[in-house]
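Here is the structure we will look at.
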Amino acid sequence: MNVWVKRAALAGLVLLTLAGGFVAIAWWRADLAMARTYAVRDAPLPMQTADAARGRYLYETRGCSDCHGADGSGIMQLDAGPVAQIHAANITPTGLAGRYDADRLGAVIRHGVHDDGTTLVFMPSMDWSQMTDNDVADLVAYVLQMPPAGKVHPRSTLGPLGRMLWFTGKAATLLPATVIDHRPRTRPVIAMSASAEYGKYLVAMCRGCHGRDLTGGIDLGPGEPRSANINMARGGLAGWQQADFMQAMHSGRRPDGRQLADIMPWRAIGKMKQTEREAIWAYLSRPQDTAAAE
């Protein structure tokens, strides 16, 4: 009996040692990733033609205000335990403190990097990596005219579980700059219309939560439901019609009367122009698969 007890104890010790080693490796690799700097060589933003009024519209309808607040002071503060401590940055002059010009703010939005070139934590830049120069310039023009507000928040940090999830590829987007293509490229302007093509451009903001293939199933945090499947070609939004989608984005209620989760930014989408919401529906309701390859 004592032999089996000793063997069990030894096996447990070995497993604990292996687990500790795995955590240590994940911690070390995440540290390396967060210390790495990424060079952004995008062409300068066309700030001479930027429209701050349209930038405000983009800020309110693309989800920016959901985390940073209407005044830009940073309202999202989330204690996700061993996964991460999330602090939405203050993006008014109070928080930016003169460290960010227009192009550096553009790098934050599309590349997920701080002013020193290191990766942000928990910033959905991968959803905006293809945002056109004109849209980014408009958005940046609005942010740069915000008056000082609030206080400076600490940077978001990854805990041991968050580091392990990142290391194993289960939550690679926790460190967005590690998964974004930073090569300079042309991002052609797409004319606003109620088309699937324009809808595809807008649906980029949905992929961070619903997945690259829009089939959902992603754990969005403590107490939150997993994201829904909105890929109709793969069984999502079964039975929905355009009127159902438009109503849900206005009222936050599904066709069966159930309330959408608060984490779903339906309020922001509800502020979009009807043409834009129709474009999103045109893309989501296509008969072909809205695949991750897109």
Between the side chain of [X] and the main-chain N/O of [Y], is any donor-acceptor distance below 3.5 Å?
| X | Y | result |
| --- | --- | --- |
| N229 | R234 | yes |
| Y100 | D115 | yes |
| D138 | D51 | yes |
| R29 | F167 | no |
| T186 | P188 | no |
| H182 | Y38 | no |
| T61 | M272 | no |
| T275 | S193 | no |

Tell me if the [atom1] atom of [X] is crowded by more than 12 foreign heavy atoms within 6.0 Å.
| X | atom1 | result |
| --- | --- | --- |
| R277 | CZ | yes |
| D31 | CG | yes |
| E197 | CD | no |
| R183 | CZ | no |

Sorted by chain and number, sequence neighbours left out, salt bridge (charged side-chain N to carboxylate O under 4.0 Å, His left out) with R187 holds for D42
Would you mind checking if [Y] and [X] are paired as a salt bridge, meaning a charged N to carboxylate O distance below 4.0 Å?
| X | Y | value |
| --- | --- | --- |
| E276 | K271 | no |
| R254 | D244 | no |
| D181 | R110 | no |

Does any part of the side chain of [Y], heavy atoms only, come nearer than 4.5 Å to the side chain of [X], both counted from C-beta?
| X | Y | result |
| --- | --- | --- |
| R62 | W128 | yes |
| L284 | L214 | yes |
| P93 | L96 | no |
| T178 | W166 | yes |
| I280 | F245 | yes |
| R163 | M34 | yes |
| E278 | Q242 | yes |
| T157 | V121 | no |

Before giving the answer on side-chain contact (heavy atoms from CB on, under 4.5 Å), spell out for I230 and C206 the whole-Å C-alpha distance, their side-chain angles and the decisive distance to 0.1 Å. CA-CA 9 Å; I230 59 171; C206 308; 4.3 Å; yes
Tell me, please, which residues at least two apart from D135 pass side-chain hydrogen bond (donor to acceptor under 3.5 Å, both in side chains). R54, Y201
Closest heavy-atom contact between [X] and [Y]?
| X | Y | result |
| --- | --- | --- |
| P265 | D66 | CB-OD2, 3.3 Å |
| V143 | Y59 | CG2-CD1, 4.5 Å |
| V108 | S125 | O-OG, 2.8 Å |
| A172 | V179 | CB-CG1, 3.6 Å |
| I218 | G208 | CD1-O, 4.2 Å |
| P176 | L174 | CD-O, 3.4 Å |

Starting at [atom1] of [X], measure out to [atom2] of [Y] and round the result to the nearest 0.5 Å.
| X | Y | atom1 | atom2 | value |
| --- | --- | --- | --- | --- |
| L237 | M232 | CG | CE | 5.5 Å |
| H153 | N90 | NE2 | CG | 5.5 Å |
| S129 | I109 | OG | CD1 | 12.0 Å |
| L105 | L139 | CG | CG | 8.5 Å |
| R36 | T119 | CZ | OG1 | 10.0 Å |
| K273 | Y57 | NZ | OH | 5.0 Å |

Working for side-chain contact (heavy atoms from CB on, under 4.5 Å), residues R185 and Q130: CA-CA 9 Å; R185 57 194 179 277; Q130 293 299 325; 3.0 Å; yes
Determine, using the 4.5 Å side-chain heavy-atom cutoff (strictly less than), whether [X] and [Y] are members of one ILVMFWY cluster.
| X | Y | value |
| --- | --- | --- |
| I180 | L120 | no |
| L58 | M123 | yes |
| L260 | I269 | yes |
| I25 | L158 | yes |
| L175 | V40 | no |

Using distance alone, with no hydrogens and no angle criterion, decide if T118 and D116 have a side-chain donor and acceptor under 3.5 Å apart. yes
Stepwise side chain to side chain donor-acceptor pair (under 3.5 Å) test for S73 and D71: CA-CA 6 Å; S73 63; D71 64 355; 2.8 Å; yes
Tracing side-chain links under 4.5 Å among I, L, V, M, F, W and Y, which residues wind up in one group with V152? none
Run the numbers on F122 and M76 for side-chain contact (heavy atoms from CB on, under 4.5 Å), then give the verdict. CA-CA 11 Å; F122 198 72; M76 181 182 181; 3.6 Å; yes
Go through Y283 and Y198 one step at a time and tell me if the side-chain contact (heavy atoms from CB on, under 4.5 Å) criterion holds. CA-CA 8 Å; Y283 180 69; Y198 191 65; over 6 Å; no
